[in-house]
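By convention in this document, chain letters (A, B, ...) are assigned in the order of the sequence lines, proteins followed by strands, and residues within each chain are numbered from 1.
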Amino acid sequence: MTNKSFHDNLEETRNKILKMGNLVDDAIGSAITALKSRNKDVAEKIIMDDEKIDKLELEIEQNCLSLIALQQPMARDLRFIGTAIKINTDLERMGDYAANISKIVLSIGDEPFIKPLIDLPRMAELSQEMVRKNMTAYINRDREMAIKAAALDHEIDHLYNQIFRDLLVFMTKDSRNIRQSTYLLMAARHFERIGDHATNVSEWIIYMATGERVELND
Amino acid sequence: MINKMEAKHLDFYYKDTQALFNINLPVEKNAVTALIGPSGCGKSTFLRTLNRMNDVIEKTKVVGEVLMDNKNIYDPDVDPVELRKKVGMVFQQPNPFPISIFDNIAYGPRIHGIKNKQKLQELVESSLKSAALWDEVKDRLHDSALGLSGGQQQRLVIARVLAVEPEMILMDEPASALDPISTSKLEELVRELKNNYTIVIVTHNMQQAARISDYTSFFLNGKLIEYDQTNIIFTAPREKQTEDYITGRFG
């Protein structure tokens with residue numbers, strides 16, 4: 001009664017989701033590197049590589065829809081596929097934000113920073129940690145690890161508010177700071193959104209593992 | 001939740017072989033309860049304990065209770081024939097009698113003493129309407145029932161059950177001999193019927209259980225492994241054995 005090709009396909013889907021997680025993790029890491037060093041080449045590569053993530057998203061989505069139509073999955077398999085469809089979208093969005101940050105790098109160009117970047121790299125690190133913890137939780141169907149991942153979003157939100165206040169001061173002091181401050185604020189906003197999508201991913205991993213739908217970090 | 005029926009600590013034996021072990025299962029009123037599980041798990045045996053159909057098999061023994069409206073149907077003062085009038089049954093193979101459509105439906109009421117032609121006619125019409133068959137047969141009520149298609153025959157059998165005005169209907173794989181369109185009609189009918197009747201259905205088709213039932217119970221080796229709302233059983237069952245069975249990881 002066991003259906004080998006179906007279970008092989010589920011395994012393949014799982015590996016693709018993990019690959020997606022890796023690509024997003026790399027994109028976030030490269031985006032902050034590009035921003036810190038104002039490296040246009042790195043930024044342009046991230047924007048190009050985002051297409052890989054988009055393509056993978058479509059593949060996963062199509063495959064999951066076929067599985068539902070052809071295999072009528074139930075219980076843990078159904079939760080697995082439902083979760084794949086949902087976190088697939090969240091991961092793809094996170095990739096988009098990394099690409100958006102790269103576009104900001106291109107817009108800022110070579111002009112010197114109005115202040116040293118400290119909080120933005122911290123936001124990037126936390127985002128990457130959320131992705132990694134989520135992927136670990138995903139592989140092991142680990143509810144506790146998913147909760148740990150989502151908990152990091154509080155810190156990201158806190159950093160975003162701090163950056164907002166700091167940049168407001170810079171803009172108020174000297175209107176010539178407005179242009180770059182706005183770009184940096186947008187970058188911070190993108191990291192903040194990455195954190196929110198990562199939280200969604202944690203919630204869906206908990207659903208996959210236990211069947212319960214929880215709302216983390218209201 | 002109002003229980004129409006409830007099995008309590010029910011054991012069942014064929015001679016020395018125990019087929020059911022301590023079954024505790026509620027059957028909610030005006031709902032569809034599905035029984036699923038692999039062949040030989042006891043689901044059909046259990047179904048037949050609910051209207052004492054097993055009584056007709058020799059050397060069987062029931063221990064425990066089946067309460068219907070809080071009265072044990074195995075009490076000595078319960079007449080099994082009266083019980084089966086209240087708890088009708090539909091089988092896997094449609095089994096119309098080799099007589100006319102009209103007489104098939106009127107058979108039960110006549111046995112129970114209804115002679116009035118007008119009353120019989122009304123019963124036949126309302127039963128066929130409830131079984132979603134009236135429009136297809138109203139112009140040939142006096143033709144043989146054997147001329148109907150398999151799907152129509154199954155609905156005819158359901159109409160025959162309805163004609164004796166039961167409170168519950170037990171169905172033992174009622175769609176397994178039907179084509180997809182007849183199956184879909186039958187499923188639609190089951191959903192309609194639950195407004196007026198309490199239904200328990202045995203099915204091998206898990207998608208069917210998922211589509212039509214409100215509650216699902218999973219049987220394995222004569223034991224009730226899990227009972228819950230259908231939605232929960234098919235998305236997040238509690239028991240690993242249930243999960244393994246419905247995801248095809250069984251055996």
Next on the checklist: Are more than 12 heavy atoms, taken from residues, nucleotides or ligands other than B:Asp16, located less than 6.0 Å from that residue's CG atom?
Outcome noted: no
Item to check | Beyond-backbone contact of B:Arg249 with A:His7, side-chain heavy atoms, under 4.5 angstrom | outcome: yes
Checklist entry - If only atom types and distance count, is the side chain of B:Glu243 paired as donor or acceptor with the main-chain N or O of A:Arg76 below 3.5 Å? => result yes
Checklist outcome for this item: Okay, A:Arg79 and chain B: the region with an atom under 4.5 Å from a heavy atom over there is side chain
Checklist entry - Is the number of heavy atoms from other residues, nucleotides or ligands under 6.0 Å of A:Lys86 NZ greater than 12? => result no
Checklist outcome for this item: Closest non-hydrogen atoms of B:Ala236 and A:Gly211, given as atom of the first, atom of the second and distance, are CB-CA, 3.9 Å
Next on the checklist: Checking A:Ser181 now: which residues fulfil side chain to side chain donor-acceptor pair (under 3.5 Å) with it, not counting sequence neighbours?
Outcome noted: none
Item to check | Under the side chain to side chain contact (heavy atoms under 4.5 Å, CB included) test, residues paired with B:Glu65 that sit two or more places apart | outcome: B:Lys8, B:Leu67, B:Asn72
Item to check | Residues, nucleotides or ligands: over 12 heavy atoms within 6.0 Å of B:Phe21 CZ | outcome: yes
Item to check | Flag side-chain contact, heavy atom, 4.5 Å: A:Tyr207 against B:Thr235 | outcome: yes
Checklist entry - For B:Thr247, which of A:Leu10, A:Asp77, A:Leu78 qualifies under side chain to side chain contact (heavy atoms under 4.5 Å, CB included)? => result A:Asp77
